[in-house]
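We name chains A, B, ... by the order of the sequence lines, and we start the count at 1 in each one. No hydrogens, no waters, no symmetry mates; every other heavy atom, side chains included, goes into these values.
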Amino acid sequence: MNDKKTSKPTNRREFIQKGMRATLGLSLAGLAGVAAFKASADDYVWQIDPFKCVSCGRCADYCVVTPSAVKCVHAYDLCGYCDLCGGYLKPDANALSTAAENQLCPTAAIKRKFVEDPYFEYEIIETLCIGCAKCVEGCSAFGNGSLHLQVRHDLCVNCNECSIARVCPADAFLRVPASSPYLIKGDFTTGNSTSNPT
Amino acid sequence: MNGSFKNILVGGIVLVAIVAFVFWQTKDPTVDFQASMPGEDNRQAGNLVQEIINIGEHFNFFEHSAPEMNGTWPRFRGENFDNIVGEKQNLKDSWTADEPEVLWSVELGEGHAGPAIYKGMVYLLDYDEEKREDALRCFSFADGKEIWRRSYEIHVKRNHGMSRTVPAVTEEHVVTIGPRCQVMCVDRLTGDLTWGLDMLSEYDTEIPQWYTAQCPLIDGDKVILAPGGRAIMIAVDIHSGKVLWEAPNEMQWKMSHSSIMPMTLNGRKMYVYSAAGGVCGVAADGPDEGQILWQSNAWNHSVVAPSPVVFDDGRIFLTAGYGAGSMMIKVVPDGNKFNVEVLTEYSPKDGLACEQQTPVIWEGHMFGILPKDGGANRNQLVCVHPDDVQKVVWTSGKTTRFGLGPYLIADGKMYILSDDGTLTMIKPDTKQYIQLAQKKIMDGHDAWAPLAIADGRLLMRDSKTMVCLDIGK
């Protein structure tokens with residue numbers, strides 16, 4: 001007599017049922033895993049490396065948001081507070097004054113305020129700024145480069161494929177962790193665009 | 001379609017049209033615009049209290065002496081105004097790890113004032129921030145010890161440095177221009193005050209941005225100055241301080257950072273000055289000495305630092321920073337007067353242009369460092385031929401960029417100082433960039449003051465320290 005217990009053969013219906021249960025279980029586990037990963041992992045947003053930016057002006061034209069979600073920001077620590085500010089005044093301006101004909105910004109988005117002779121403070125009015133980078137170019141050419149462009153995340157819709165990044169001639173657009181969304185000059189090192197901006 | 005419906009439709013259209021027309025006529029699309037007017041920055045009118053300035057009022061003698069040496073670098077751009085050391089030097093062609101040796105160094109007030117050298121003595125117009133004084137300091141070239149100091153109280157606020165001129169020295173005198181346009185003449189050896197002239201009060205000079213960088217010119221017994229304000233140029237007797245002539249400033253030009261350059265054009269000796277507003281030539285001799293022979297406002301820029309450069313054929317090269325670029329002019333005689341012909345003008349990215357230093361002509365070619373807005377070649381040393389100053393013969397390359405610092409040629413070598421105190425020695429060549437040596441000498445910043453070389457020694461400074469290097473063999 002054969003003591004060996006003979007297993008009951010699985011019929012086709014049971015096999016399909018078990019297979020379906022296993023597949024469903026694995027899918028649910030995978031979904032839960034992905035959800036848990038997404039919940040814990042940092043998201044990414046677009047940002048401009050100001051040390052790569054060449055002030056071409058395309059940020060103003062190519063952003064899907066109007067006016068552009070790219071704005072000029074000011075690193076006050078780097079500013080020379082100059083009277084003759086290359087970011088505020090047109091080259092060879094008639095006078096060092098706030099008159100419209102002397103201002104470089106096409107929308108008068110930079111406010112100039114006397115501090116003490118001979119120093120002036122410059123403030124960006126973001127609602128007027130269109131991200132044209134004219135001031136950035138002037139500040140970089142003749143000053144300390146304290147004016148620079150950044151993507152403002154309260155305005156940016158974070159497109160999967162940023163339309164400015166597609167046309168940026170300097171490859172200055174990059175993805176940065178959403179937890180550290182800005183690359184402010186003075187807070188991170190020149191040219192090291194992957195570094196964490198504190 | 002019945003008649004009443006038509007009437008309603010037509011009436012509706014007319015009504016909409018009337019509303020649209022009224023809206024169009026009454027709505028001001030610029031109602032939210034704000035005019036940008038002068039004065040919105042609340043700029044203040046400066047010091048209301050008139051400062052009393054007694055030029056040369058203080059003197060200190062420090063009980064040191066200087067052994068006499070032979071060499072001289074007596075003024076801005078040297079004896080021949082070309083930034084080339086004319087005296088025979090025997091300078092090293094390369095440096096070992098320990099070279100060039102720093103022979104001595106002295107701490108200075110913050111600024112960009114350059115030294116002049118005369119027979120073993122170094123003269124530098126410093127600003128003493130603690131005492132609030134412009135101070136002409138005389139050092140021994142041998143060991144850097146201070147011998148005497150002639151000074152006067154004046155308030156100069158930090159504005160990208162404070163001092164920024166080079167004294168002019170002769171056997172008998174030293175003449176300085178302070179940051180706020182006070183001229184002082186003293187005895188070269190003793191430091192005794194000869195005379196002083198305040199261009200601010202005497203000529204209504206407007207102090208340029210960041211204070212003046214104009215260096216005085218001594219021509220024989222005359223000191224030539226460009227006050228702007230009431231006179232575009234004046235001559236002062238170096239012995240008495242008496243004003244010999246004044247060229248009126250009819251064009252209302254302002255003092256720039258540029259210095260007066262003597263030139264001989266079409267057989268006439270002239271003083272050429274690139275002011276803020278235009279360029280002019282003033283007769284330097286003859287019966288019409290002190291008369292403006294020609295002037296042009298084609299070269300009109302608010303900030304001009306480099307001085308005019310003249311080519312052998314009489315063309316004058318003008319350049320400036322802050323987007324100005326460069327211009328080539330020619331002064332053409334026309335009967336008893338001269339006309340100015342503009343030969344070419346271009347932006348800084350289209351040819352040789354300089355922001356702060358004056359280009360150097362060497363073996364028929366011109367060398368200069370492009371400004372930051374100089375396009376792809378920005379901050380590079382470039383060489384051009386005078387026939388076409390927009391065609392670059394060579395550059396120092398993308399990996400060899402400099403800043404706003406000075407450069408000078410001596411003994412077939414060119415010394416270039418970068419902003420951060422790195423000194424580069426190259427062999428000036430009309431075909432290619434040949435670097436001989438490079439070394440970081442100082443740790444400071446803004447090393448912009450003109451260099452000086454004499455007796456196999458080089459004087460250079462950053463914003464706060466001057467060092468003397470042994471560059472001789």
Side-chain angles (χ1 to χ4, degrees), chain A residues 51 54-56 78-123 125 127-128 133-145 147 169-170 190, chain B residues 32-48 155-162 179-180 206-211 254 257 276-277 297 299-305 320-325 347-349 353 355-356 370-376 378-379 404 419 445-446:
Chain A
F51 293 104
V54 292
S55 320
C56 66
L78 300 179
C79 182
Y81 293 80
C82 306
D83 187 358
L84 178 58
C85 172
Y88 182 81
L89 296 159
K90 284 179 183 172
D92 278 334
N94 293 327
L96 308 184
S97 81
T98 52
E101 67 270 23
N102 299 324
Q103 291 189 38
L104 184 62
C105 179
T107 60
I110 305 179
K111 189 177 173 187
R112 165 183 159 112
K113 194 169 69 185
F114 178 79
V115 180
E116 64 168 44
D117 190 33
Y119 301 115
F120 289 80
E121 185 182 85
Y122 297 90
E123 179 193 350
I125 304 165
T127 49
L128 294 178
K134 287 180 190 294
C135 61
V136 178
E137 188 180 17
C139 183
S140 305
F142 309 124
N144 299 341
L147 296 172
T190 310
Chain B
D32 293 331
F33 282 18
Q34 288 183 330
S36 292
M37 305 296 285
E40 288 174 358
D41 52 6
N42 200 29
R43 177 195 283 272
Q44 304 296 306
N47 290 336
L48 298 175
H155 186 200
V156 175
K157 262 186 174 179
R158 176 175 287 98
N159 188 0
H160 299 272
M162 290 173 278
R180 288 181 54 195
E206 188 175 309
I207 304 169
Q209 278 288 317
W210 319 294
Y211 308 116
K254 293 174 183 170
H257 298 286
N297 59 5
W299 178 246
N300 181 359
H301 298 288
S302 53
V303 180
V304 182
Y322 298 88
S347 71
K349 62 180 185 304
E355 183 168 321
Q356 199 157 286
L370 291 182
K372 276 198 277 188
D373 56 346
R378 66 188 177 281
N379 290 353
L404 296 172
D419 296 352
H445 59 94
D446 294 353

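Heavy atoms closer than 4.5 Å to chain B are found nowhere in A:Tyr81, neither backbone nor side chain. For B:Gln209, the part lying near chain A is the side chain, with the backbone staying farther off; criterion is any non-hydrogen pair under 4.5 Å. For B:Arg158, the parts lying near chain A are the backbone and the side chain together; criterion is any non-hydrogen pair under 4.5 Å.
Nearest heavy atom pair, residue B:Asn42 against residue A:Phe114, reads O-CB, 3.4 Å. Across all their heavy atoms, B:Trp210 and A:Leu84 have their closest contact at CH2-CD2, 3.5 Å. When all heavy atoms of B:Lys157 and A:Pro118 are compared, the pair lying nearest together is CD-CD, 4.3 Å. The two residues A:Asp83 and B:Arg43 come nearest to each other via the heavy atoms OD1-NH2, 2.7 Å.
Within residues 102-111 of chain A, the residues having any heavy atom closer than 4.5 Å to a heavy atom of chain B are A:Gln103, A:Ala108, listed by residue number. Residues of residues 135-142 of chain A lying within less than 4.5 angstrom of chain B, judged on heavy atoms, are A:Ser140, A:Ala141, A:Phe142 in numerical order.
Checked by atom type and distance alone, the side chain of B:Ser36 never pairs as donor or acceptor with a backbone atom of A:Ala99 at under 3.5 Å. Of the possible polar contacts, one joining the A:Asp92 side chain to the B:Ser302 backbone as a donor-acceptor pair under 3.5 Å is found.
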Check the pair A:Cys82, B:His160 against side chain to side chain contact (heavy atoms under 4.5 Å, CB included), reporting the backbone distance first and the verdict last.
CA-CA 9 Å; A:Cys82 306; B:His160 299 272; 3.1 Å; yes
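Annotation: maximal heavy-atom pairing with chain A below 4.5 Å, among B:Asp373, B:Leu404, B:Val303, occurs at B:Asp373.
Crowding of B:Glu40 atom CD: a count of heavy atoms from other residues, nucleotides or ligands under 6.0 Å exceeding 12.
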